[in-house]
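Convention: sequence-line order gives letters A, B, ...; per-chain numbering from 1.
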Amino acid sequence: MKIVTWNVNSVRKRETIILDWLAANDPDILLLQETKVVDASFPKTSFEEKGYHLALFGEPGRNGVAIVSKHPIEDVASGLPGDADDPQARYIEATIDGLRVASVYVPNGTSTDSPNFAYKLAFYDRLRRHAAAHLDAETPLVIGGDFNVAPEPIDVYDPTALDGTICYHPKEREALRSLTNQGLYDAFRATNPTRRQFTWWDLRGGSWDRDEGLRIDYLLLSPQTTDRLQSADSDPKTRAGKGISDHIPSWCVLG
DNA sequence: ATGGTGGGTCACCCA
């Protein structure tokens with residue numbers, strides 16, 4: 001069972017790239033973020049013609065998450081509990097082959113003095129509480145997505161210079177640890193303990209050419225799912241060239 | 001280098 005997460009920065013702009021990548025890599029499940037489209041305008045047919053099932057949670061123009069699966073999708077739940085007034089489409093989960101699978105697009109936060117930063121920290125608290133309920137129930141769980149936080153110094157290109165900046169602020173790392181320390185395992189880091197592999201490079205300023213990136217996209221596994229973990233990796237080739245997302249796909253393989 | 005590029009939407013907001 002191969003499960004991929006990919007922030008595609010507009011599914012309509014990236015449709016061909018995604019379908020080509022799926023054909024070449026044949027994952028069981030693809031978790032998408034930043035689809036940037038309402039469900040009615042999602043290019044459903046392109047995926048369904050290739051045999052994929054879909055679960056969609058979009059909004060006009062920004063955010064948006066989706067689950068693409070070779071296997072039937074059951075019990076879809078859209079939206080992260082904890083704030084009924086939150087209009088942003090950033091979380092969807094469903095059951096596939098007995099596994100509870102979530103696609104999450106954590107808010108970027110913009111900057112530490114922005115109101116979006118408080119929203120980001122509050123979102124992490126909601127995610128922590130929601131994950132706690134699944135962990136208490138011993139649900140076999142995978143939460144994949146763009147977490148917009150680099151967990152450790154090895155996950156950023158310059159840990160000294162970046163300390164305190166957005167996506168690597170101590171409060172953000174603390175919020176992430178409060179989530180993972182409940183008993184979620186980072187599939188990439190668990191299987192690649194010392195490897196530096198970024199998943200995002202800013203589109204501005206030639207950061208790809210200088211390899212100035214962050215590892216902010218990953219898959220978090222519950223203990224039951226971690227027992228099945230065989231490998232995890234990502235595909236930097238997708239960051240080269242034109243018309244690409246600023247994020248690359250990352251995945252884990254479960255036995 | 002408080003810049004830079006890109007998406008969505010159509011004056012800016014977000015990343």
Side-chain angles (χ1 to χ4, degrees), chain A residues 5-21 30-44 46 56-66 80 83 85-91 103-124 127 144-151 155-158 160-169 171-173 175-176 198-218 234 236-250:
Chain A
T5 182
W6 196 358
N7 178 325
V8 291
N9 188 19
S10 169
V11 71
R12 286 179 291 186
K13 284 281 181 184
R14 238 58 75 191
E15 183 179 339
T16 304
I17 285 176
I18 297 168
L19 289 167
D20 288 351
W21 196 89
L30 172 62
L31 307 169
L32 295 175
Q33 300 89 36
E34 280 206 87
T35 54
K36 294 191 170 181
V37 67
V38 293
D39 297 350
S41 301
F42 193 102
K44 296 186 203 61
S46 306
L56 309 175
F57 184 42
E59 62 172 280
R62 60 176 192 162
N63 304 323
V65 285
L80 184 62
D83 182 359
D85 296 328
D86 186 354
Q88 300 193 33
R90 295 180 174 276
Y91 188 89
S103 176
V104 63
Y105 176 42
V106 172
N108 170 280
T110 308
S111 66
T112 54
D113 57 356
S114 164
N116 296 341
F117 189 68
Y119 172 64
K120 179 179 195 173
L121 295 178
F123 189 94
Y124 259 107
L127 189 56
D146 175 0
F147 288 84
N148 263 317
V149 178
D155 299 312
V156 303
Y157 65 90
D158 188 338
T160 306
L162 292 173
D163 190 17
T165 64
I166 199 71
C167 299
Y168 195 60
H169 190 282
K171 284 186 179 173
E172 297 176 88
R173 284 177 276 157
L176 175 64
F198 305 136
T199 64
W200 170 87
W201 297 258
D202 202 322
L203 288 165
R204 300 164 289 189
S207 56
W208 166 254
D209 295 326
R210 293 194 300 275
D211 195 26
E212 292 181 352
L214 309 175
R215 192 175 72 90
I216 54 176
D217 304 88
Y218 30 93
S234 52
K237 291 192 303 297
T238 58
R239 186 58 178 74
K242 302 260 182 176
I244 42 98
S245 171
D246 43 352
H247 299 253
I248 63 172
S250 301

For Lys44(A), does the NZ atom sit with more than 12 other heavy atoms under 6.0 Å from it, leaving out its own atoms? yes

Backbone of Val65(A) reached by a side-chain donor or acceptor of Ser103(A) within 3.5 Å: no

Separation of the [atom1] atoms in [N] and [M], to the nearest angstrom:
| N | M | atom1 | answer |
| --- | --- | --- | --- |
| dC12(B) | dA1(B) | P | 30 Å |
| dG8(B) | dG4(B) | P | 22 Å |
| dG3(B) | dG7(B) | P | 22 Å |
| dT5(B) | dT9(B) | P | 22 Å |

Give, for atom CZ of Arg239(A) and atom OG1 of Thr199(A), the distance between the pair rounded to the nearest 0.5 Å.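 If I round to the nearest 0.5 Å, the distance is 11.0 Å.
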
Do [X] and [Y] have side-chain N/O donor and acceptor atoms under 3.5 Å apart?
| X | Y | value |
| --- | --- | --- |
| Asn9(A) | Lys36(A) | yes |
| Tyr168(A) | Asp155(A) | no |
| Asn63(A) | Gln88(A) | yes |

Taking Watson-Crick and G-U wobble contacts under 3.5 angstrom, with | marking pairs to another strand and [ ] crossing pairs, the secondary structure of DNA chain B is written ....((((...))))

Under 4.0 Å between any heavy atoms, over every strand shown, what does Arg90(A) touch: base, sugar-phosphate, or nothing? Just pick one. sugar-phosphate

Glu15(A)/Arg12(A) ion pair, N-O < 4.0 Å: no

On DNA chain B, reading 5' to 3', which nucleotide is the first and which the last to sit with an atom under 4.0 Å from a heavy atom of chain A, could you check? dG4(B) to dA15(B)

Which residue in the set Thr110(A), Asp83(A), Asp86(A) passes side chain to side chain donor-acceptor pair (under 3.5 Å) when paired with Tyr119(A)? Asp86(A)

Most 5' of Arg12(A) and Asp246(A) on DNA chain B, judged by nearest nucleotide: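 By nearest-heavy-atom nucleotide position, the 5'-most residue is Arg12(A).
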
If you assign each of Lys36(A) and Tyr105(A) to its closest nucleotide in DNA chain B, which residue comes earlier from the 5' end?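 Final value for this comparison: Lys36(A).
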
